[in-house]
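Just so you know, residue 1 is the first one in the sequence shown, and it goes up from there.
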Amino acid sequence: MIENVRVRFAPSPTGPLHIGGVRTALFNYLFAKKHNGTFVLRIEDTDQSRYVEGAEQYIIDALNWCGIPYDEGVGKEGKYGSYRQSERKHLYKDYADKLIASGNAYYAFDTSEELDFHRKDHEAKGKTFIYNWHNRLKLKNSLSLSDEEVQAKLNSGDDYVIRFKSPQDETLHLTDIIRGDITIDTNVLDDKILCKSDGMPTYHLANIVDDHLMEITHVIRGEEWLPSLALHQLLYNAFSWKSPEFAHLPLILKPTGKGKLSKRDGDKLGFPVFPLEWKDPKTGDVSKGYKEEGYFPEAVVNFLAFLGWNPGTEQEIFSLDELVSTFDLERVHKAGARFDPDKTKWYNHHYMQQQHNDELARVFKSQQPQLATIDIDYIALVIGLNKERATFVSDFWDLSHFFFEAPKTYEEKASKKAFKDNTKELMEELVSVVNSIEEFSVENLQIQIKSWIASNEIGFGKVMMPLRLSLVGALKGPEVFDIMFLIGKTETIKRIENIIHNLQLNMY
């Protein structure tokens, strides 16, 4: 057991939370809970130009719906707050100044036009422009200018950025829990911007400062941040701080296995990539969510856990508690995890079977206006007969509509198969048999109808196929005797008589 574990999920409120982000939050949650630690939510909103109204609340709602709520963060203030970076702005400039004072950072006054000129000049020569040790003394910064020139520029309010001074000719040895030992030649690193003249930090500085001040012990984040690991470790070294342990999760790949999963993939193939429905406040466009598409949160958590991790056994179904006890970062894969839409449905089908019929009936009734006057207990009985064939609650209407309304038409192909020359006469006799059954139970119906068929030496299919067709309108559905019992004697006879009437009209 690792002691005093503190992990953080630190999304930017720039739109809806992608399931890749949910997976990152889940792995942080599982790791924290396994070690009796703390799961922190920090909103990284330093880039206010990309801030989207409603995105922060969406993130909170998504975590709560998935059943992986944070222990500390926005709205759950602890001693490390505030948990929005925009409200911590006053902290970062002081730390940037400390880096300048220690010689680990410097002021850079290059304009965007000047930098663009250098980029284009390098491109024309077949090179890539990198702002670092090999050219920083030729550019406009506090390393190349005199102290008097630098102070004059600061006093006159010239725009500047603070850049980190990447070391030259050093080899950086890093360790990642998932990827093992990593070696970086510092000569290939650029001098990243840490802070701008308005005091607003970039992700890199704010991230390091906040992780340190919030005493984060493990940083579990997506693979896309792996290229930043060297800079972040160098920043910890520059501040003489102990760095947290790092673990970079693999990408979630398209169903084809090629490229990172995107919203476009979901739109194209018809599955969500967001946990909850999202309505873009600017365009009004609506993106589908797993919740609204009928997925159970337990199913979403279960399939996300297996995107890049496995327990080392054949077990695929895990409760959240089982995931907590089994989860191990060292069993997370390095390679990308292919997203399988069919597997997500498989998980949902499994969790469908675990749901209480009463709860499913309540949801189903709320989705179908035509069920408004139907007793909820009756709907629950219908759900129980059809649940094993359902993946989503929305499937129940197609699976069971005939329990609530008599068929108006009969499937043509099934009718040709079920209707023979003597079908009308057999159905007329069946009406008499059904009418004579006093105790209208499933068992009694089965015994008496099968007995009548056997004693008259009638082919079983000659009765049961047209009977099912009369009740359902097609050759599908649960046991015929279960259907008869639930719709009742009067409705059963009425439906058989309806099909007799259609036979008389020679519809088929």
Quiz item: With distance as the sole test, does Arg221 use its side chain to make a donor-acceptor pair with the main-chain N or O of His248 at under 3.5 Å?
Solution: no
Self-check item: Least distance between heavy atoms, Leu251 atom then Lys260 atom
Solution: CD2-CD, 4.2 Å
Quiz item: Taking C-beta and beyond as the side chain, do Tyr106 and Arg136 meet within less than 4.5 Å on heavy atoms?
Solution: yes
Quiz item: Taking atom NZ of Lys89 as the centre, does the number of heavy atoms from other residues, nucleotides or ligands within less than 6.0 Å exceed 12?
Solution: yes
Quiz item: Taking the side chain from Asp191 and the backbone from Ser166, do they hold a donor-acceptor pair closer than 3.5 Å?
Solution: yes
Quiz item: Can you check whether Arg8 reaches Val219 side chain to side chain, under 4.5 Å on heavy atoms?
Solution: yes
Quiz prompt | Phe396 versus Ala390, closest heavy-atom pair with distance | solution = CE2-CB, 3.7 Å
Exercise. List the steps and the verdict of side chain to side chain contact (heavy atoms under 4.5 Å, CB included) for Arg179 and Glu223.
Key: CA-CA 10 Å; Arg179 294 156 199 282; Glu223 181 181 305; 3.2 Å; yes
Quiz item: Is there side-chain contact between Thr186 and Trp133, with heavy atoms separated by less than 4.5 Å?
Solution: no
Quiz item: Is the side chain of Lys387 donor-acceptor paired with the backbone N or O of Gln355 at a distance under 3.5 Å, no angle test?
Solution: yes
Quiz prompt | Check: His35 side chain, Gly37 main-chain N or O, donor-acceptor pair, under 3.5 Å | solution = no
Quiz item: If you draw a 6.0 Å radius around CD in Glu322, do more than 12 non-hydrogen atoms from other residues or ligands fall strictly inside?
Solution: yes
Exercise. Go through the side-chain N and O atoms of Gln233 and Asn237 and say whether any donor and acceptor fall under 3.5 Å apart.
Key: yes
Quiz item: Taking all atoms of both residues into account, what is the closest heavy-atom pair of Lys365 and Ile376, and its distance?
Solution: CD-CD1, 3.9 Å
Practice problem: Mind listing the closest non-hydrogen atom pair of Val393 and Val363 along with its distance? | Solution: CG1-CG1, 3.9 Å
Quiz prompt | Worked verdict on Tyr83 versus Tyr70 for ring pair (Phe, Tyr, Trp, His ring centres under 6.0 Å) | solution = CA-CA 12 Å; Tyr83 296 88; Tyr70 55 97; 8.6 Å; no
Quiz item: Side chains of Tyr203 and Gln85: is there a donor and an acceptor less than 3.5 Å apart?
Solution: no
Quiz item: Would you say the side-chain atoms of Tyr92 and Asp210 include a donor-acceptor pair closer than 3.5 Å?
Solution: yes
Practice problem: Show the numbers, then the answer: is there a ring pair (Phe, Tyr, Trp, His ring centres under 6.0 Å) between Phe39 and Phe31? | Solution: CA-CA 9 Å; Phe39 174 42; Phe31 185 80; over 10 Å; no
Practice problem: Would you confirm whether Asn135, through its side chain, and Ile130, through its main-chain N or O, come within 3.5 Å as a donor-acceptor pair? | Solution: yes
Quiz item: Would you say the side chain of Tyr347 lies within less than 4.5 Å of the side chain of Tyr295, judging by non-hydrogen atoms?
Solution: no
Quiz item: Where does the angle between the aromatic ring planes of Trp241 and His212 fall among parallel (under 30°), tilted (30 to 60°) and perpendicular (over 60°)?
Solution: parallel
Quiz item: Residues in ring pair (Phe, Tyr, Trp, His ring centres under 6.0 Å) with His350, at least two apart?
Solution: none
Self-check item: Whether Asn64 side chain and Asp61 backbone form a donor-acceptor pair below 3.5 Å
Solution: no
Exercise. Report the C-alpha distance between His333 and Asn310 in whole Å, list the side-chain angles of each, state the deciding distance to 0.1 Å, and finish with yes or no for side chain to side chain donor-acceptor pair (under 3.5 Å).
Key: CA-CA 8 Å; His333 308 153; Asn310 75 64; 2.8 Å; yes
Practice problem: Report yes if some heavy atom in the side chain of Thr326 is under 4.5 Å from a heavy atom in the side chain of Gln315; otherwise report no. | Solution: no
Practice problem: Please list, chain by chain and in numerical order, all residues satisfying side-chain hydrogen bond (donor to acceptor under 3.5 Å, both in side chains) with Asp198, sequence neighbours excluded. | Solution: none
Exercise. Could you tell me whether a side-chain N or O of Asn302 sits under 3.5 Å from a main-chain N or O of Ile317, the two making a donor and an acceptor?
Key: no
Practice problem: Using the six-membered ring wherever Trp is involved, compare the ring planes of Phe327 and Trp309 and label them parallel, tilted or perpendicular (cut-offs 30° and 60°). | Solution: tilted
Self-check item: Student check: side-chain heavy atoms of Leu235 and Leu194 closer than 4.5 Å
Solution: yes
Quiz item: Going by distance alone, is a donor N or O of one side chain under 3.5 Å from an acceptor N or O of the other, for Ser102 and Asn104?
Solution: yes
Practice problem: Report the C-alpha distance between Tyr29 and Phe9 in whole Å, list the side-chain angles of each, state the deciding distance to 0.1 Å, and finish with yes or no for side chain to side chain contact (heavy atoms under 4.5 Å, CB included). | Solution: CA-CA 9 Å; Tyr29 175 92; Phe9 177 52; over 6 Å; no
Quiz item: Is the count of non-hydrogen atoms from other residues, nucleotides or ligands lying under 6.0 Å from Lys343 atom NZ greater than 12?
Solution: yes
Practice problem: Any salt bridge (Lys or Arg N to Asp or Glu O under 4.0 Å) involving residues 265-279? Give me the pairs, sequence neighbours left out, ordered by first then second residue. | Solution: Lys254-Asp265, Lys263-Asp267
Quiz item: Does atom CD of Gln353 have more than 12 heavy-atom neighbours, drawn from other residues, nucleotides or ligands, at distances under 6.0 Å?
Solution: yes
Quiz prompt | Trace of the salt bridge (charged side-chain N to carboxylate O under 4.0 Å, His left out) decision for Asp97 with Lys93 | solution = CA-CA 6 Å; Asp97 290 343; Lys93 182 61 165 60; 2.8 Å; yes
Quiz item: Do the rings of Phe129 and Tyr131 sit parallel, tilted or perpendicular, given the 30° and 60° boundaries?
Solution: perpendicular
Practice problem: Starting from the C-alpha separation in whole Å, work towards a yes-or-no answer on side chain to side chain contact (heavy atoms under 4.5 Å, CB included) for Leu226 and Phe246. | Solution: CA-CA 9 Å; Leu226 194 56; Phe246 291 93; over 6 Å; no
Quiz item: For the salt bridge (Lys or Arg N to Asp or Glu O under 4.0 Å) test, which of Glu245, Glu72, Glu215 pairs with Arg6?
Solution: Glu72
Quiz item: Are any non-hydrogen side-chain atoms of Tyr95 and Leu213 less than 4.5 angstrom apart?
Solution: yes
Practice problem: Begin from the C-alpha positions of Asp395 and Arg389 and carry the test salt bridge (charged side-chain N to carboxylate O under 4.0 Å, His left out) through to its verdict. | Solution: CA-CA 9 Å; Asp395 294 339; Arg389 288 181 288 278; over 6 Å; no
Quiz item: Side chains of Leu385 and Leu381: closer than 4.5 Å at any heavy-atom pair?
Solution: no
Practice problem: Locate the shortest heavy-atom distance separating Val301 from Cys66; write the atom from each residue and the value. | Solution: CG2-O, 3.3 Å
Quiz prompt | Where Asn348 and Gly294 come nearest, the two heavy atoms and their spacing | solution = ND2-O, 3.2 Å
Quiz prompt | Other residues, nucleotides, ligands: >12 heavy atoms within 6.0 Å of Glu53 CD | solution = no
Quiz item: Above 12 or not: heavy atoms from other molecules or residues under 6.0 Å from CD of Gln370?
Solution: yes
Practice problem: Return yes if a side-chain donor-acceptor contact under 3.5 Å exists between Asp45 and Ser86, otherwise no. | Solution: yes
Quiz item: If only atom types and distance count, is the side chain of Lys282 paired as donor or acceptor with the main-chain N or O of Val52 below 3.5 Å?
Solution: no
Quiz item: Step by step, would you call Phe274 with Tyr58 a ring pair (Phe, Tyr, Trp, His ring centres under 6.0 Å)?
Solution: CA-CA 10 Å; Phe274 303 124; Tyr58 179 96; 7.1 Å; no
Exercise. For atom NE2 of His134, decide whether the heavy atoms of other residues, nucleotides or ligands shown that lie under 6.0 angstrom number more than 12.
Key: yes
Practice problem: Applying side chain to side chain contact (heavy atoms under 4.5 Å, CB included), run through Phe339 and Phe303 and close with a yes or a no. | Solution: CA-CA 9 Å; Phe339 183 83; Phe303 82 68; 3.8 Å; yes
Quiz item: For Lys196, does the NZ atom have more than 12 heavy-atom neighbours from other residues, nucleotides or ligands under 6.0 Å away?
Solution: no
